[in-house]
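What you see is a predicted model; the values in this text were computed from it and never measured. Excluded from the calculations below are hydrogen atoms, water molecules and symmetry mates; all remaining heavy atoms, backbone and side chain alike, are included. Within every chain, numbering begins at 1; the chains are lettered A, B, ... in the order of the sequence lines, protein sequences first and strands thereafter.
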Amino acid sequence: MAGTRPAMTVRQRSRLPKPFLQLSPSVHVRPPDPSLAQPRSARGQPVHLDPLFLSRLQWSWVIAWHIMLPAFTVGLASYIAVLEGLHFFTREEIWFRISGFWTRIFAVSFGMGVVSGIVMPFQFGTNWSRFSDATANVLSPMLGYEDLTAFFLEASFLGVLLFGRKLVPRWAHFFAALMVAGGTLMSSFWILSTNSWMQTPAGYKVVDGRFFPVDWLAIIFNPSFPYRLAHTVTAFYITTGFVVLGVGFYLLRRDKSPEEARRMVRMALDLLIVLVPLQMLLGDAHGLNTREYQPTKLAAIEGVYDTEKPDALSLFGIPDDAAARLDDAVRIPHLGSLILTHTWNGEVRGLKEWPRTDWPPVWPVFFGFRVMVGIGLLMLATAITGWVLRLRHRLFEAGWYGRLCQFTLPLGFVAVIAGWVTTEVGRQPWTVFGLMRTANSVSPSLTGGDVLASLLLYMAVYLIMFPTGILFMAGIVRGGVPGEPEPQQPIEGLQPKTPVTGPAE
Amino acid sequence: MTDVALDLIPVWSVILGIGVFFYVLLDGFDLGVGMLYGFAPEASKDLLMNSVAPIWDGNETWLILGGVGLLAVFPLAYAIIIPAVYFPILAMLLGLIFRGVSFEFRFRQPHVRRFWNGGFAVGSAVAAFAQGAVLGAMIQGFKVSGRNFAGTSFDWLTPFSVFTGIALMLGYGLLGACWLILKTEGDVQAWARRMGRIAFIAVLIAIGVVSVWTPLMDAGIAARWFSWPNIVGLAPVPLITLAIAYGTWRALNGDSQAGPFAGAMGLFLMSYIGIAISLYPMLVRPVYTLWDAASAPSTQVFLLIGTLFLLPVIIMYSAWSYWVFRGKVRGDMGYH
Ligand code: HDD
Ligand code: HEM
Ligand code: HEM
């Protein structure tokens, strides 16, 4: 193996950080055993009972559900903090009511975010123990800091945010909202740094097949991290923005709390007209960064098997890994070069420059990316249309636009999932890009039966929990923004209402 | 890697030890309340739920600290122990999911209320049992080859680990009952005292059984406790435990509000110390000590700097959030 991959190092990676360059990965990390990188069926086990395959399925299942909650709660926590701030400074009751409405929804989604999140760090141990052993010295402090700077902050102030309205002074309630929002952002910071290090490792050295830290700043601020952080957090805000927009129009259509609903719609449009275009710029920058550090992922995104100069952009096509070509492609000459290199005749390297064992599966990466970008364009159109109507004072009159916004409500979630599929599948077959193979990361003691059992249980439980939660939040939305808040009576002793009273039952 | 002369393992062992102990106490009482919830009269169910609703999330955060702390400071132990207890961990996580979402779901959907009521109680019980079983497995030890767990995913399952699982359920039940004595009044409190007394007796028996079973199972542990002069030095552990037990029993039968909770915490502390004495310095019995399993010094230093600063701050604001919700939970304020 080691001998077959000089291509990895010299010419493609002129600007890579030093350690990356010097390490021929297969020498320093456990030499990837070629048989481990092959589908196990070749080794006599049916694929569906392969603990590696099932562990990947399980990981994808739990992380994909989990990520949808941050995608919503990060944005919503900030939105609630803004509403609480508006209420605190303007003293207008309406902000308070809107905030109360979203806080109820937040409580449900945050609860699901917490329980699905607690599952995550344990997955590293249960299913990816070799990965944990190899990377812990580098990655664990980041997970540790996530807990210490984010989770404790969120969890402690959450109680006050949800139940403390009448128990603490107004400023303290506002403060609690700020802390919860700050916590979710800290959490994004650390977890995305962790993930980015796996994509573009830096600041480490390898001893006996394990990673050791050399430079903490280089580890935390690894090359893809700034892009990934900006792009993902913006994605979360956009996702929330579209939910708020859709819910606002829904309430208007049902003639519930119209004044509150109009404010929601206006606030959402203010946010989206800035963030959606920004997201495209960030995505572009992210892509350039990927081209530099993860060229195999980029080739899969573009569906490029043969190096092209100039590169045409394939809008669409059907990747065929076996034949190593893109079938039925719809191509625009030069555009690929223009987007990816920002020059007319720039070169884009194809997958064939790397050994096949280093290729990611092209299909999910190729389509995941197109779904995300397609949705991005749709979002841009939606935001611009909204502003055109608004400037013509027809925003709330054009009924078709309200209906359109209900259709776009869930799009952010789809884009987030599609984006992460692009990112993560594009990193394959590595867990630590170029250095540690996914096949060498899995816990050796697990049998296919073990993982199948746990996967089925996770599926069953998540399929009970998440739909219930979604229905639940839909129920809260249907109830509309509750009317005048109760007078702020002083309370002796304790205990506010239940976890935020729902609509009347 | 030896640029750090200072040995941080003792410092980290103490920090993690305290972190895990905090978890056991805090989530212990709220898992305990969850289990008791299954037996509680219908009329008091909301009150029980409300007594832990604002704080359960913070309590579970200590679990993440335990898990991630183990990964950060003793990664080898994490990589061996967690896959070895694959199914208890799975059961714990699924239990925590059910009980976590019940807080919200139960209140809003009357027609499926019974399902989530059950989810709250059973989820809490399963999580408690699973944690006890993990503890049992750690006392038993693991089959190890190199840096990997070499046994099967069912090695943990023995009469001993099942017993420690049940023992921890009882212990959490006691903590939960004592918490309710602290937070409620009248009938509910009287009921909690009754449950507390039952749990107390069971816990005492369980502590006794584990104290006899463990040294019988392992000659090394027996030697640790019963050899001369250890037996004299360590004698205070059982003696203090007995004294605390006596005090707790009195408090449970009297009308002390906070006494039973303090007593129950004391019993947990003594049992915890007892287990630590039995295991030290092994972390992955019988192969790896705390020192063998440790992460790189630079990793430990990097995390320690932040931890020493952040942990006190965390304790301060956690305490504040407890203080905001201090006092008795009131029925008339709850869900109608
Ligand atoms: C960019 C954001 C992001 C990403 C990629 C992830 N998470 Fe997350 N996570 C959050 C953002 C977040 C959050 C918004 O901060 C949550 C949602 C609810 C909460 O408590 O915090 C959260 C919850 C949450 C919790 C529960 C926290 C609590 O009890 O308060 C844990 C343990 C994790 N996450 C761990 C993980 C792991 C191990 C991940 C990946 C492998 C992961 N998360 C991906
Ligand atoms: C932020 C921290 C993250 C870490 C540390 C991480 C870690 C990993 C690891 C170890 C794998 C390899 C196992 C496998 O192939 O399944 C993996 C794959 C994967 N991850 Fe992540 N991941 C992170 C975030 C995410 C997020 C937020 C998503 C969003 C949905 C995601 C989606 C996936 C998917 C879909 C795979 C499967 C790829 C494949 O099997 O081809 N990951 N990730
Ligand atoms: C049309 C504009 C967009 C472009 C050009 C773009 C570009 C990209 C690229 C190149 C990646 C892969 C980065 C990697 O190598 O890991 C990516 C990932 C991602 N995208 Fe986008 N994107 C766009 C729009 C969106 C939108 C609208 C959303 C969601 C609302 C979104 C959410 C994500 C997420 C969550 C990821 C994975 C996390 C990450 O790696 O940053 N993107 N995007």
Side-chain angles (χ1 to χ4, degrees), chain A residues 107-108 111-112 114-116 118-119 121-122 124-126 129-130 132-133 136-138 140-141 143-145 147-149 151-152 155-160 162-164 167-168 212-213 216 443-447 450 454 457 461 465 468-469 472 475 491 493-499 501-502 505, chain B residues 1 50 53-55 57-58 60-61 63-65 67-69 71-72 75-76 78-79 82-84 86 89-90 93-94 96-97 100-101 103-105 107-110 147-153 295-296 298-299 302-303 306-307 310 314 317-318 321 324-330 333-335:
Chain A
V108 179
M112 293 194 290
V114 170
V115 294
S116 63
I118 292 177
V119 170
F122 287 99
F124 289 134
T126 50
S129 70
R130 286 180 74 187
S132 304
D133 182 38
N137 288 325
V138 172
S140 62
L143 296 172
Y145 276 123
D147 194 35
L148 293 168
T149 60
F151 296 153
F152 275 111
S156 303
F157 286 97
L158 181 73
V160 177
L162 298 188
F163 310 111
L167 298 175
V168 297
F212 286 82
W216 285 106
S443 307
S445 61
L446 296 177
T447 66
D450 293 343
S454 62
L457 280 165
V461 170
M465 169 173 75
T468 312
F472 229 71
I491 292 170
L494 206 276
Q495 264 337 338
K497 308 230 144 185
T498 64
T501 33
E505 277 149 21
Chain B
M1 285 280 107
N50 281 335
I55 46 182
D57 182 10
E60 282 188 4
T61 310
L63 175 64
I64 307 172
L65 183 73
V68 172
L71 174 66
L76 182 56
Y78 180 90
I82 307 288
Y86 192 79
I89 296 274
L90 174 71
L93 294 171
L94 297 180
L96 291 178
I97 289 178
V101 293
F103 281 100
E104 296 295 332
F105 290 1
F107 280 112
R108 298 216 183 89
Q109 289 196 332
R147 300 182 69 86
N148 290 307
F149 172 61
T152 76
S153 300
S295 56
S298 127
T299 303
F302 177 59
L303 192 57
T307 306
L310 289 165
I314 288 169
Y317 62 62
S318 305
S321 84
V324 167
F325 299 101
R326 70 198 174 279
K328 299 284 182 193
V329 183
R330 285 187 14 189
M333 288 296 302
Y335 171 90

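Heavy-atom distances place the side chain of L310(B), and not its backbone, under 4.5 Å from chain A. Of the two parts of L76(B), the backbone and the side chain both hold a non-hydrogen atom closer than 4.5 Å to a non-hydrogen atom of chain A. Only the side chain of L158(A) comes within contact range of chain B, with at least one heavy atom under 4.5 Å from a heavy atom of that chain.
Closest heavy-atom contact between P83(B) and G125(A): CD-O, 3.3 Å. Minimum interatomic distance between L446(A) and S153(B) (heavy atoms only, all atoms of both residues): CD2-OG, 3.9 Å. The shortest heavy-atom contact between P75(B) and A136(A) is CB-CB, 3.3 Å. Of all the heavy atoms in M112(A) and F105(B), the pair that sits closest is SD-CZ, 4.1 Å. Nearest heavy atom pair, residue T299(B) against residue P141(A), reads CG2-CG, 3.5 Å.
Between the OG1 atom of T307(B) and the CG atom of D147(A) there is a distance of 9.5 Å, given to the nearest 0.5 Å. Within the model, atoms CG of L63(B) and CZ of F122(A) stand 4.0 Å from one another, a figure rounded to the nearest 0.5 Å. Here the CG-CG distance, from D57(B) to L162(A), works out to 9.0 Å after rounding to the nearest 0.5 Å. Atom OG1 of T61(B) and atom CZ of F152(A) lie 5.5 Å apart (nearest 0.5 Å). Going from atom CG of L71(B) over to atom OG of S132(A) covers 5.5 Å, rounded to the nearest 0.5 Å. Between atom CD1 of residue I314(B) and atom OG of residue S156(A) there is a gap of 7.5 Å, rounded to the nearest 0.5 Å.
Every side chain to side chain contact (heavy atoms under 4.5 Å, CB included) that V168(A) has, sequence neighbours left out, goes to V160(A), A172(A), H173(A), W320(B), V324(B). Remark: L94(B) pairs with L457(A), Y458(A), V461(A), L90(B), I97(B) by the side chain to side chain contact (heavy atoms under 4.5 Å, CB included) rule, at least two apart or across chains.
Aromatic ring orientation, W216(A) versus F302(B): parallel (interplanar angle below 30°, classes split at 30° and 60°).
Side-chain atoms of L96(B) and V115(A), non-hydrogen and from C-beta on, never get closer than 4.5 Å to each other. Within the 4.5 Å cutoff, no side-chain heavy atoms of N148(B) are placed close to those of S445(A). You'll find the side chain of L65(B) reaches within 4.5 Å of the side chain of L148(A), heavy atoms only.
A donor-acceptor contact shorter than 3.5 Å links the side chain of N137(A) to the backbone of A296(B). A donor-acceptor contact shorter than 3.5 Å links the side chain of Y145(A) to the backbone of G306(B).
Most heavy-atom pairs under 4.5 Å with chain B, from the set G144(A), S443(A), G159(A), G111(A): that is G159(A). Top candidate by heavy-atom pairs under 4.5 Å with chain B, chosen from S454(A), G469(A), P444(A), is S454(A).
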